[in-house]
Amino acid sequence: VVSWNSIMSAFARHGHLDEAERVFNEMPERDLVSWNTMLAPYAQNGNITGAKKLFDELPMRDLVSWNVMLTAYSQDGHISKTLWVFKEMPEMSLVSWNALLAAYTQNADLEKAKEIFAVMPEHNVASWNSILLIYGNACEIKQSRETFDAMPQHNVASWTAMLSIYGQNGDLENSKSCFGCMPEKDLVAWTAMLVAFTHNGHLQDAQEMFDAMPFQSVVPCNAILAAYAQSGHLMRAKALFDSMALHNPASWSAMLSAYSIHGHIDDSKSLFMDMPQRNLASWSGMLQAYTGKGHLEDAKCTFDAMPQHSLGSWTSMLGAYAQGGYVLEAKQLFDKMPLKDSLAWHVLLSGYAQNGHVELARQMFDSIPDQN
RNA sequence: AUUCCCGACAAGC
């Protein structure tokens with residue numbers, strides 16, 4: 001069984017889930033490890049429903065199975081579900097506590113995270129890493145650094161987290177020195193350094209990282225692709241996109257939104273048609289292509305065809321009507337919005353104002369709940 | 001390296 005399990009997990013590690021499943025189906029006998037090996041990728045890919053479904057089908061469950069389920073929720077920041085599983089599980093380990101802690105980190109809930117950290121029976125590097133991250137996400141760089149200095153050990157994740165935090169705050173020098181100090185550099189570390197460069201507008205340095213990187217993966221490709229795309233190097237971005245062996249949803253949406261933002265509607269459209277699956281970001285990207293150029297008919301068709309809407313898609317459509325002077329349509333759409341944030345009010349109001357509907361604008365202004 | 005915890009990627013907000 002152990003050999004079969006090893007083969008399975010090797011496939012799963014490299015993303016060949018279909019192969020892993022084939023092995024699972026073919027093996028003469030299966031133990032809990034086999035089942036858990038099948039379960040884990042669901043959590044790692046953020047497929048909560050898939051994880052839950054398989055979890056419910058498990059013939060037996062051990063601590064690992066429960067932990068996998070716990071992290072499936074935790075990674076998505078579902079606090080209530082995470083807590084529910086945490087309370088439901090028959091026993092828990094340090095891993096379980098860390099997963100719970102990570103859920104609060106996802107939610108940027110510093111107070112709760114500190115509370116959990118204080119009550120958990122023991123800590124390891126992963127627990128400390130969560131704390132330094134949560135400070136970093138709250139822009140408490142000093143606290144983050146103090147945590148880093150105070151923790152008993154560091155691993156690659158600690159160094160990489162610190163590197164990214166500096167990068168997010170524009171401190172490239174410290175990012176670079178983290179990268180230099182790391183005893184071991186893996187794919188994630190390299191990518192984090194690359195991203196620190198792209199997010200701070202250092203395309204050249206990013207490209208050098210990319211070229212020097214001893215690993216290859218879709219993630220760093222996406223990062224550099226997005227950097228080129230955003231800065232208007234569309235040909236270069238497209239060439240990179242075409243050369244990539246693998247595309248994930250992030251690759252598609254980086255490319256699509258670049259076309260849309262820069263007004264290349266036809267390219268947006270053909271890319272959109274080529275997409276193997278479309279998520280909310282894809283639809284929004286396509287919508288943005290039309291609204292940005294005032295193609296109201298196409299925009300509306302796209303909007304109506306969307307399987308789901310976000311606040312952003314509503315506002316985008318609303319803005320297109322308002323900018324085009326179609327205040328009636330704008331108002332109708334506005335009334336249908338299930339949720340109206342201040343941006344939506346603002347967009348509609350500006351639409352009235354810019355098109356000379358002073359009286360309507362005034363009436364609208366008076367009915368705004370939050371008039372700042 | 002038989003399965004579980006922490007760090008990297010797109011876009012909107």
Side-chain angles (χ1 to χ4, degrees), chain A residues 1-10 12-13 20 31-41 43-44 62-72 74-75 92-103 105-106 123-134 136 154-165 167 178 182 186-196 198-199 215 217-227 229-230 247-258 260-261 279-285 287-288 310-313 315-316 341-343:
Chain A
V1 205
V2 174
S3 338
W4 285 94
N5 286 343
S6 310
I7 295 169
M8 242 175 71
S9 103
R13 241 198 322 279
D31 60 5
L32 245 173
V33 174
S34 333
W35 284 98
N36 290 338
T37 306
M38 286 306 295
L39 180 62
Q44 281 149 12
D62 65 358
L63 182 56
V64 172
S65 334
W66 282 98
N67 281 338
V68 173
M69 207 50 232
L70 193 64
T71 53
S74 151
Q75 291 197 337
M92 49 239 179
S93 62
L94 178 53
V95 170
S96 330
W97 281 98
N98 282 339
L100 182 61
L101 184 59
T105 305
Q106 287 295 327
H123 302 131
N124 66 5
V125 203
S127 337
W128 284 97
N129 287 346
S130 286
I131 296 297
L132 93 79
L133 247 191
I134 199 169
H154 303 127
N155 63 7
V156 214
S158 329
W159 285 103
T160 308
M162 209 60 234
L163 184 166
S164 297
I165 289 167
C178 284
M182 301 175 48
D186 62 5
L187 167 66
V188 177
W190 278 87
T191 310
M193 191 64 236
L194 189 158
V195 168
T198 60
H199 283 181
F215 307 95
S217 149
V218 64
V219 178
C221 287
N222 288 345
I224 196 118
L225 165 69
Q230 288 298 313
H247 300 124
N248 69 10
S251 333
W252 289 96
S253 74
M255 199 62 235
L256 178 63
S257 83
S260 298
I261 287 170
N279 58 20
L280 190 65
S282 343
W283 284 96
S284 306
L287 180 63
Q288 196 183 0
S310 64
L311 205 57
S313 63
T315 313
S316 178
D341 63 354
S342 57
L343 182 62

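Reckoned from all heavy atoms, side chains included, excluding hydrogens, waters and symmetry mates. Residue numbering restarts at 1 for every chain, and letters A, B, ... go by the order of the sequence lines.
Counting to the nearest Å, the C1' atom of rC4(B) and the CG atom of Asp62(A) are 9 Å from each other. Asn5(A) places its CG atom 12 Å from the P atom of rC4(B), with the value rounded to the nearest Å. Summarising the geometry, the separation between CG on Asn124(A) and C1' on rG7(B) is reported as 14 Å, rounded to the nearest angstrom. The distance from atom CH2 of Trp66(A) to atom P of rC4(B) is 18 Å, rounded to the nearest whole Å. Summarising the geometry, the separation between CH2 on Trp128(A) and P on rC6(B) is reported as 18 Å, rounded to the nearest angstrom. Rounded to whole Å, the distance from CD1 on Ile165(A) to C1' on rG7(B) is 9 Å.
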With side-chain contact (heavy atoms from CB on, under 4.5 Å) as the criterion, how do Ile165(A) and Leu132(A) come out once you've worked through the C-alpha distance, each side chain's angles and the decisive distance to 0.1 Å?
CA-CA 9 Å; Ile165(A) 289 167; Leu132(A) 93 79; 3.7 Å; yes

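Counting only heavy atoms from C-beta outward, the side chains of Thr160(A) and Met182(A) approach each other to under 4.5 Å. Side-chain contact between Leu163(A) and Met193(A): present, with at least one pair of heavy atoms (C-beta onward) separated by less than 4.5 Å. Contact annotation: the side chain of Ser158(A) approaches that of Val125(A) to within less than 4.5 Å [non-hydrogen atoms, C-beta and beyond]. You'll find the side chain of Thr198(A) stays beyond 4.5 Å of the side chain of Gln230(A), heavy atoms only. Residues His154(A) and Met162(A) have side chains not in contact (no heavy-atom distance under 4.5 Å, counting atoms from C-beta outward).
Side-chain atoms of Asn155(A) and base atoms of rG7(B) include no donor and acceptor less than 3.5 Å apart.
Atom NE2 in His123(A) sits 7.5 Å away from atom CD1 in Ile131(A) (nearest 0.5 Å).
Residue contacts for Val156(A): at a heavy-atom cut-off of 4.0 Å it reaches a base atom on one of the strands shown. Within 4.0 Å (heavy atoms only), Ala161(A) reaches sugar-phosphate atoms of the nucleic acid but no base atom.
OP1 and OP2 of rU3(B) both lie 4.0 Å or more from every side-chain N or O belonging to Gln44(A). At rC6(B), none of the side-chain N or O atoms of Gln106(A) fall inside 4.0 Å of OP1 or OP2 (strictly under the cut-off). Residue Arg13(A) has no polar side-chain atom (N or O) positioned under 4.0 Å from OP1 or OP2 of rU2(B).
For the side chain to side chain donor-acceptor pair (under 3.5 Å) criterion with Asn98(A), the lone passing option out of Ser127(A), Ser130(A), Ser93(A) is Ser127(A). Checking Thr191(A), Val195(A), Val188(A), Leu194(A) one by one against Val219(A), the side chain to side chain contact (heavy atoms under 4.5 Å, CB included) holds for a single residue, Thr191(A).
Within a heavy-atom distance below 4.0 Å of RNA chain B, the residues of residues 93-103 of chain A found are Val95(A), Asn98(A), Ala99(A), Ala102(A).
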5' to 3', nucleotides 8-13 of chain B under a 4.0 Å protein heavy-atom cut-off (B base, S sugar-phosphate only, - none) gives BBBSS-

